[in-house]
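The next block holds one structure in the form of structure tokens; read it before the comments.
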Number of protein chains: 2
Amino acid sequence: MDNKFIEKASGAIADKYRLQILQALSEKGTLNNSDIQEMTGLSQPCVSHHVKTLIDSGLVNSHKEGRNQNLSLNKEGLKDLSGFLNKLT
Amino acid sequence: MDNKFIEKASGAIADKYRLQILQALSEKGTLNNSDIQEMTGLSQPCVSHHVKTLIDSGLVNSHKEGRNQNLSLNKEGLKDLSGFLNKLT
DNA sequence: TCTATACATTTAAAAGTTTGGATGCATTGG
DNA sequence: CCAATGCATCCAAACTTTTAAATGTATAGA
């Protein structure tokens, strides 16, 4: 397991909005940036930033469709992080 | 599961030195601040700060013995975080 | 008691993060 | 083609984190 991934992924989770996004993706399966903007009340550039952080972390996948960016959980990434933490115990 | 705990705990992991400390605790069981200072090469106040962050996060336990602070993993905390991430998938 | 050791706290500087306004670009619908 | 929509980028302000030097407090040993 690459420590750089662990750092990035855990850092991505360590924010209330990004955590909210992850939980919403877990429940709903997919969201686009507008959904997130509505859900969080954040500005569009701010949502764009948080979404980028999540994608860069490897915890979220992006599927572009026309002008929409559909997001979904990267379950592999989440499992890798979860498994890493579990192995520490 | 309390989101505040998830945010704090993941934030605590999202740093190379704190991650290194967690991994060392996992391998060795216990460490004190001097061990960590030697291991990381950080200054004593800086180690003190990172250790405080880890303790505050609920991922590390502190057992004071005289002038030594012995640290160990809080396995419950790690399992809680790991379980939370797993449930997202 | 005096000294050394272990850790905490205060302070301050540098670096990074979060946020929104303004703007730009691409796609879609009329 | 034009207007509207969805997202990215640039910029700047506010805030937080990281780090170490200086200093303080407590315990342990000579």
Side-chain angles (χ1 to χ4, degrees), chain A residues 3-25 28-74, chain B residues 3-25 28-74:
Chain A
N3 273 17
K4 217 63 200 151
F5 163 73
I6 303 298
E7 277 175 56
K8 267 192 160 182
S10 52
I13 296 169
D15 174 273
K16 71 173 174 173
Y17 293 116
R18 293 194 295 263
L19 186 49
Q20 193 185 347
I21 294 168
L22 289 171
Q23 288 175 313
L25 284 174
K28 302 201 205 313
T30 60
L31 296 171
N32 61 32
N33 287 22
S34 301
D35 297 331
I36 293 170
Q37 200 177 336
E38 194 177 335
M39 181 180 83
T40 59
L42 290 171
S43 68
Q44 180 273 317
C46 196
V47 168
S48 186
H49 161 74
H50 284 304
V51 166
K52 184 167 159 33
T53 299
L54 285 166
I55 293 170
D56 286 352
S57 78
L59 295 180
V60 164
N61 292 128
S62 157
H63 323 269
K64 219 158 210 164
E65 267 185 38
R67 51 187 171 181
N68 289 286
Q69 177 174 227
N70 292 299
L71 305 170
S72 61
L73 286 185
N74 183 343
Chain B
N3 273 16
K4 217 66 199 149
F5 163 71
I6 303 297
E7 277 176 57
K8 266 194 163 183
S10 53
I13 296 169
D15 173 273
K16 71 174 174 172
Y17 293 117
R18 293 194 296 263
L19 186 50
Q20 192 185 347
I21 294 168
L22 289 171
Q23 288 176 313
L25 284 173
K28 302 201 206 311
T30 60
L31 295 170
N32 61 32
N33 288 19
S34 301
D35 297 330
I36 293 171
Q37 199 177 337
E38 193 177 336
M39 181 178 83
T40 59
L42 290 170
S43 68
Q44 180 273 316
C46 195
V47 168
S48 186
H49 161 73
H50 284 303
V51 166
K52 184 166 158 36
T53 299
L54 284 166
I55 293 169
D56 287 352
S57 78
L59 296 181
V60 164
N61 291 128
S62 156
H63 322 269
K64 220 159 208 163
E65 267 186 39
R67 51 187 171 178
N68 290 285
Q69 177 174 226
N70 293 298
L71 305 171
S72 60
L73 286 186
N74 184 342

*Gap between atom CG of A:Asn61 and atom CG of A:Leu54 - 0.5 Å precision*: 11.0 Å
*Between A:Thr40 and A:Ile36, is there a donor-acceptor pair closer than 3.5 Å when you use the side chain of the first and the backbone of the second?*
yes
*Please step through side-chain hydrogen bond (donor to acceptor under 3.5 Å, both in side chains) for the pair A:Asn3 and B:Gln23, ending with a clear verdict.*
CA-CA 10 Å; A:Asn3 273 17; B:Gln23 288 176 313; 3.0 Å; yes
*asked:* In whole Å, I'd like the distance from the CD atom of B:Glu65 to the C1' atom of D:dT27.
replied: 13 Å
_Spacing of B:Asn70 atom CG relative to D:dT27 atom C1', expressed in whole Å_ = 14 Å
*asked:* Let me check the geometry of the helix from C:dT1-D:dA30 to C:dG30-D:dC1. What is the bend angle between the axes at its two ends, five pairs each, to 10°?
replied: 30°
*Could you tell me whether the side chain of B:Asp35 and the main chain of B:Asn32 form a donor-acceptor pair under 3.5 Å?*
yes
*Please report, rounded to the nearest Å, how far the P atom of D:dA8 is from the CG atom of A:Leu54.*
12 Å
*Using whole Å, report how far CG of A:Asn32 lies from C1' of C:dT28.*
15 Å
*A:His63 has an atom NE2; how far is it from atom P of D:dG6, in whole Å?*
19 Å
*To the nearest 0.5 Å, what is the distance between CG (A:Asn33) and OG (A:Ser62)?*
8.5 Å
*asked:* Using a 4.0 Å heavy-atom cut-off to protein, can you give one letter per nucleotide of nucleotides 9-26 of chain D, 5' to 3': B if the base is in contact, S if only the sugar-phosphate is, - if neither?
replied: B--------SBBBB----
*To the nearest 0.5 Å, tell me how far A:Leu59 CG sits from A:Leu22 CG.*
6.0 Å
*asked:* What is the separation between atom CD1 on B:Ile36 and atom C1' on C:dA8, rounded to the nearest whole Å?
replied: 15 Å
*asked:* Using a 3.5 Å distance criterion without hydrogens, assess whether the side chain of A:Ser10 forms a donor-acceptor pair with backbone atoms of A:Ile6.
replied: yes
_Tell me if a side-chain donor or acceptor on B:Arg18 pairs with a main-chain N or O of B:Ala12 at a distance below 3.5 Å._
yes
*Using only side-chain N and O atoms of A:Asn33, determine if any of them is under 4.0 Å from OP1 or OP2 of D:dA8.*
yes
*Distance-only, no hydrogens or angles: does the B:Asn68 side chain make a donor-acceptor pair with backbone N or O of B:Asn70 under 3.5 Å?*
no
*Rounded to whole angstroms, how far apart are CD1 on A:Ile55 and C1' on D:dC7?*
11 Å
*Specify the separation, in whole Å, of atom CG of A:Asp56 and atom P of D:dA8.*
11 Å
